[in-house]
Amino acid sequence: MVIWPNNKRFAATLSFDLDAESAWESSSLNGRRLSLLSMGAYGRRVAVPRLLDLLERYDIRAQFYIPGRIAQIDPEVVRSIAKAGHGIGCHGFFHERVDEMDPVRNLQILKDSKAILEQTIDREVCHYRAPLWEITPDVLQSLIELGFHSDSSLMGDDRPYLVGGPEHSLLELPVSWLLDDFEQFAYSAEPAVGGVIEEPDKVYRMWAAELAGMREFGSHFMLTMHPEVIGRPSRLMMLERLIQLMRSHEDLWFCTPETVHAHWRAGNIELPMHPY
C-alpha cells in the first residue's frame, strides 16, 4: 500500500483530455463534416469555462492533457486552463495513435506537441498521456530521455508506479476504462463510437463504488474525462455530486501528476517498479 502524504488514506486526480476537434479531424473529410467537428468544439467553447468554474468553486487543481493541434486552433482556451492553475500535459499533436507510427515519427510528434504547448502557456510541459491510451516502449523511452515527469496511459496497478528502470525512472499514473467518461457517454454514428448513452445516475453510482473501493485499498482514483463529453449539463451536475462526495472524505488527497511527482522525488512516497 502506498503511504500518501499528510497521512491521507487514498488519492484522487481529476483529469481531462481536451481532444476537441482533434478527436474527429481524421474523419472530418477535410473539414466538410461540420456537425461532427462541432461535437469537439463544444468541449473547448462551452464545457471548459464551465469546468473551470466548477473546479474553482471546490478549490480543486486538475490535470488537462491537450493535443498540440488544439493549441493551434484555440490557444486562448489552453491559456485559460493554465491561468486557472491546472496542470497541462501532452496528448499527441493530432491525437494520433502512437502504435501506428514508427519511433522516429513518434519522437517528432512528442517534441512538436511539447513545444507548441510550452510556447502557448510560457511554462514547461512535462507530463504525458498517449491518445487512446495506446503507448509503446519507444514513446516511454523518449519520455524518459526528454525529461518528462510522468505518463498516464498504462493500467498495471491502481496506484502510481515506476517504469523504465532503476537508473532512469518515469512516474506512471495508471488509468482504467472503468473511470473514463467516453465509455459511458460518448456517441457518434459515423465514425461509430459508443452504443448506449448512459444515465448520469448510473455512472455516478459506478464511480462512487470505485471511489469507495479505492479508499479501502489506499489506491489512486484517476478519473479521465473529456470536456465535450462530461461538459453536457446533466453530466456536469453529476460530476459536481461526485466532487461533493469526494470532498466529504477528509482522508482523501487531491493531487495532480506534478504534486505526486514532487512528493516522489522528495522521498515522501515510496513506489514500486513494474516492468512494462
Side-chain angles (χ1 to χ4, degrees), residues 1-5 8-19 51 54-55 58 60-66 81 86-92 125-135 140 143 148-163 169-186 203-227 229-230 235 238-239 241-243 245-247 249 251-264 269-272 274 276:
M1 178 178 290
V2 174
I3 305 301
W4 298 105
K8 299 295 185 179
R9 182 182 178 91
F10 67 130
T13 299
L14 301 183
S15 70
F16 300 90
D17 294 357
L18 182 55
D19 301 340
L51 286 166
L54 175 64
L55 294 167
Y58 288 91
I60 294 173
R61 294 293 168 262
Q63 179 73 17
F64 286 75
Y65 294 98
I66 306 175
I81 295 167
H86 303 293
I88 303 288
C90 292
H91 194 47
V125 173
C126 49
H127 300 279
Y128 178 80
R129 172 174 285 163
L132 285 83
W133 293 337
E134 289 290 349
I135 198 165
L140 285 172
L143 292 172
F148 274 75
H149 291 177
S150 80
D151 170 62
S152 183
S153 311
L154 298 174
M155 306 184 191
D157 205 325
D158 54 30
R159 296 154 295 187
Y161 60 96
L162 305 175
V163 296
S169 300
L170 181 70
L171 174 66
E172 180 62 41
L173 301 171
V175 292
S176 168
W177 291 114
L178 172 64
L179 295 175
D180 187 317
D181 65 345
F182 212 85
E183 299 308 301
Q184 304 300 320
F185 293 130
V203 180
Y204 173 84
R205 292 193 302 270
M206 183 176 66
W207 288 353
E210 186 69 357
L211 183 73
M214 289 194 159
R215 182 174 184 267
E216 177 68 23
F217 290 98
S219 303
H220 180 209
F221 185 85
M222 171 62 83
L223 187 58
T224 300
M225 296 167 284
H226 302 75
V229 176
I230 200 68
R235 300 166 186 174
M238 181 274 289
L239 177 58
R241 286 175 58 204
L242 185 69
I243 289 174
L245 174 63
M246 297 167 78
R247 277 288 186 216
H249 293 295
D251 55 359
L252 173 61
W253 181 46
F254 276 97
C255 56
T256 65
E258 186 55 38
T259 55
V260 177
H261 179 266
H263 277 278
W264 168 59
I269 302 176
E270 185 175 344
L271 301 175
H274 292 332
Y276 55 80

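The first residue of the sequence shown is numbered 1, and numbering continues consecutively from there.
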Test side chain to side chain contact (heavy atoms under 4.5 Å, CB included) applied to M238 and F185, step by step: CA-CA 12 Å; M238 181 274 289; F185 293 130; 3.9 Å; yes
Evaluate L252 against F221 for side chain to side chain contact (heavy atoms under 4.5 Å, CB included), listing each step before the verdict. CA-CA 10 Å; L252 173 61; F221 185 85; 5.8 Å; no
Would you check if there is a donor-acceptor pair between the side chains of D158 and H220 at a distance under 3.5 Å? no
For Q63 and H127, which I'm curious about, is there any donor-acceptor pair between the side chains at under 3.5 Å? no
Atom pair OH/NE2 of Y128 and H91 - distance to nearest 0.5 Å: 8.5 Å
Which atoms form the tightest heavy-atom contact between F148 and C126, and what is the distance? CD2-C, 3.4 Å
Among R159, E216, H249, the one residue meeting side chain to side chain contact (heavy atoms under 4.5 Å, CB included) with F10: H249
Full working for side chain to side chain contact (heavy atoms under 4.5 Å, CB included) between I66 and D17: CA-CA 6 Å; I66 306 175; D17 294 357; over 6 Å; no
CH2 (W133) and CH2 (W177) are apart, to the nearest 0.5 Å, by 5.0 Å
If only side-chain N and O atoms count, and only distance matters, is there a donor-acceptor pair under 3.5 Å linking R129 with S15? yes
Rounded to the nearest 0.5 angstrom, the CG-CD1 distance for D151 and I135 is 3.5 Å
D181/R235 ion pair, N-O < 4.0 Å: no
So, does Y161 use its side chain to make a donor-acceptor pair with the main chain of G156 at under 3.5 Å? yes
Output field: ring centroids H149/W264 closer than 6.0 Å: no
